[in-house]
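Accompanying notes for the structure given below.
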Amino acid sequence: MKNQIVTATQERITIRHVAQDAGVSVAAVSKVLRNAYGVSEALRTKVEASIEKLNYRPSVAARGMRGRTYTVGILVIELSNPFLPGVIESANTMLSENGYKSLIGIGRSASPIEASMIESMIDNRMDGVLIIAPRISGKVLERYARQIPIAVIAHHEPHAQTYDTVNSDDRKGAALAVEVAVSQGYRDIAMLGYDLLDSPSTVVALQREMGYVEAMKQAGLESRVIRLPPVAENREAAIRDFLATANRPRAVFVWSDLDAVPLINAARTSGIRVPEDLAIIGYDNSPMAAIPLVGLTSVDQNAVELGRMASEVLMGRIDGRQEARHVLIEPHVELRGST
DNA sequence: TGCCAGAGAATCTGGTCTAT
DNA sequence: ATAGACCAGATTCTCTGGCA
């Protein structure tokens, strides 16, 4: 039943069916599909009509055999962080404007899951992978990057050779937070981080800690880092303990809005005035920070630029660039009522 | 003679089937 | 058990015919 275009069992419609229906060659259909040079308007119209009529969709697997699938995987650590959708949306827009389709995978904050998702993306012949805040080490990323072009957001590894990184300048962002606090007259400025355990220096929170410590030193002030339990654990009690400490600082720079928003909430509900008793500066400028009742001063990482730049860098890799690119995006502080 | 639209055939990868 | 043929469905290279 090969010469019947649509069979009772709905056999897959291929480029050959379209060519047959339009009365042209397979190569001509391919040219129309790729918007390639040397196609008359009449031929294009005929082919497009057949594509529409037969409801044809090109096979990604077959395209993969010839090189490109025009599919990119976006692997994200998890979805509960409100900062991430902005990055994903921006990357997705940029990729789609350049003819790529993106498929999203969720790593659920676990290295084995991330690794298996990257492997699936390689197996499905995706052209590249954009990874946001990976848990897996740079060493493992180096290994995968030999098999597929990789660009990573929120992973500081300026010496990586086989993959690219795009980050907010987290050290500078932390320094800006300290600068804002100092300029508003605060001296007793602590940082609320989290227990990094044996995390490598690629982790953004550690970069922010380093930036904070450096900036405090530069301002001639004593730094004081208070660490909440690891990210996976419940930190409500630890936040309450921090608020109840006798020598609570006058201002606190929190490593992320993920903890800064619960902190501002806990402070207000327990009668601590923000900023009169405690000034709070967060990081990420997540949508929650901007809600008037929250009003959290926060360091903005420029999510749109992160997503845009990472896509650009990844497409460069896909196009064959060999030398690594490591991009830092300028952060800025969004001032609100919490300072 | 040269350009352009379009056709034919080679080619890609990785798995399955068939012959030895 | 192994080697080689074959297949999927695209892209791409090379060639041809028509026309200015």
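Proteins get letters first, then strands, A, B, ... in listed order; numbering begins at 1 in each.
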Worksheet item: Is A/Arg68 salt-bridged to A/Asp319, going by a charged N under 4.0 Å from an acidic O?
Response: yes
Discussion item. Check this for me, if you would: do A/Arg171 and A/Glu214 make a salt bridge, where the nitrogen-to-carboxylate-oxygen distance has to be below 4.0 angstrom?
Written reply: yes
Practice prompt. Look up atom CZ in A/Phe83 and atom OG in A/Ser168, then write down how far apart they are to the nearest 0.5 Å.
Written response: 7.5 Å
Item to complete: Using heavy atoms to find the nearest nucleotide of DNA chain B for A/Gly23 and A/Gly64 separately, return the residue whose nucleotide is more 5′.
Response: A/Gly23
Worksheet item: Which part of the nucleic acid, if any, lies within contact of A/Tyr56, taking any heavy atom under 4.0 Å across all strands shown: a base, the sugar-phosphate backbone alone, or nothing?
Response: sugar-phosphate
Discussion item. Under 4.0 Å, heavy atom to any atom of DNA chain B: which of residues 30-37 of chain A qualify?
Written reply: A/Lys31, A/Tyr37
Worksheet item: In whole angstrom, what separates A/Met65's CE from C/dA10's P?
Response: 9 Å
Worksheet item: For A/Val39, which contact category applies under a 4.0 Å heavy-atom criterion: base, sugar-phosphate, or nothing?
Response: sugar-phosphate
Worksheet item: Do A/Arg208's NZ or CZ and the ring of A/Tyr283 fall within the cation-pi criteria of under 6.0 Å and 45°?
Response: yes
Worksheet item: Taking 4.0 angstrom as the limit, do A/Glu209 and A/Arg227 come out as a salt bridge?
Response: yes
Worksheet item: What is the distance, rounded to the nearest whole Å, between atom CZ of A/Arg66 and atom C1' of C/dG9?
Response: 11 Å
Item to complete: Five pairs at each end of the helix from B/dT1-C/dA20 to B/dT20-C/dA1: take the axis at both ends and give me the angle between them to 10°.
Response: 50°
Worksheet item: What is the nucleic acid contact for A/Ala28, judged by heavy atoms within less than 4.0 Å: base, sugar-phosphate only, or nothing?
Response: sugar-phosphate
Item to complete: Name the nucleic acid region contacted by A/Arg16, choosing base, sugar-phosphate or nothing; use a 4.0 angstrom heavy-atom cut-off, strictly under.
Response: base
Worksheet entry | Of A/Ala27 and A/Arg125, the one whose closest DNA chain B nucleotide lies more 5' | A/Ala27
Practice prompt. May I ask you to check whether A/Arg308 and A/Asn302 show a side-chain donor-acceptor distance below 3.5 Å?
Written response: no
Fill in: A/Ser50 and A/Asp21: side chain donor to acceptor below 3.5 Å
yes
Practice prompt. Inspect the surroundings of CZ in A/Arg268 and state if more than 12 heavy atoms from other residues, nucleotides or ligands are less than 6.0 Å away.
Written response: yes
Item to complete: Shoot me the first and last contacting nucleotide of DNA chain B against chain A, ordered 5' to 3', at under 4.0 angstrom to non-hydrogen atoms.
Response: B/dC4 to B/dG14
Worksheet item: With distance as the sole criterion, is a donor-acceptor pair present between the side chains of A/Glu142 and A/Thr162 under 3.5 Å?
Response: yes
Worksheet, complete the sentence: From CZ of A/Arg57 across to C1' of C/dA10 the rounded distance in Å is 15 Å
Worksheet item: Just one of A/Ile104, A/Leu130, A/Asn81 clears the side-chain contact (heavy atoms from CB on, under 4.5 Å) bar with A/Val76, so which one?
Response: A/Ile104
Discussion item. Expressed as a whole number of angstroms, how long is the span from A/Ile51:CD1 to C/dG9:P?
Written reply: 16 Å
Item to complete: Please step through salt bridge (charged side-chain N to carboxylate O under 4.0 Å, His left out) for the pair A/Arg250 and A/Asp277, ending with a clear verdict.
Response: CA-CA 6 Å; A/Arg250 275 289 292 111; A/Asp277 302 328; over 6 Å; no
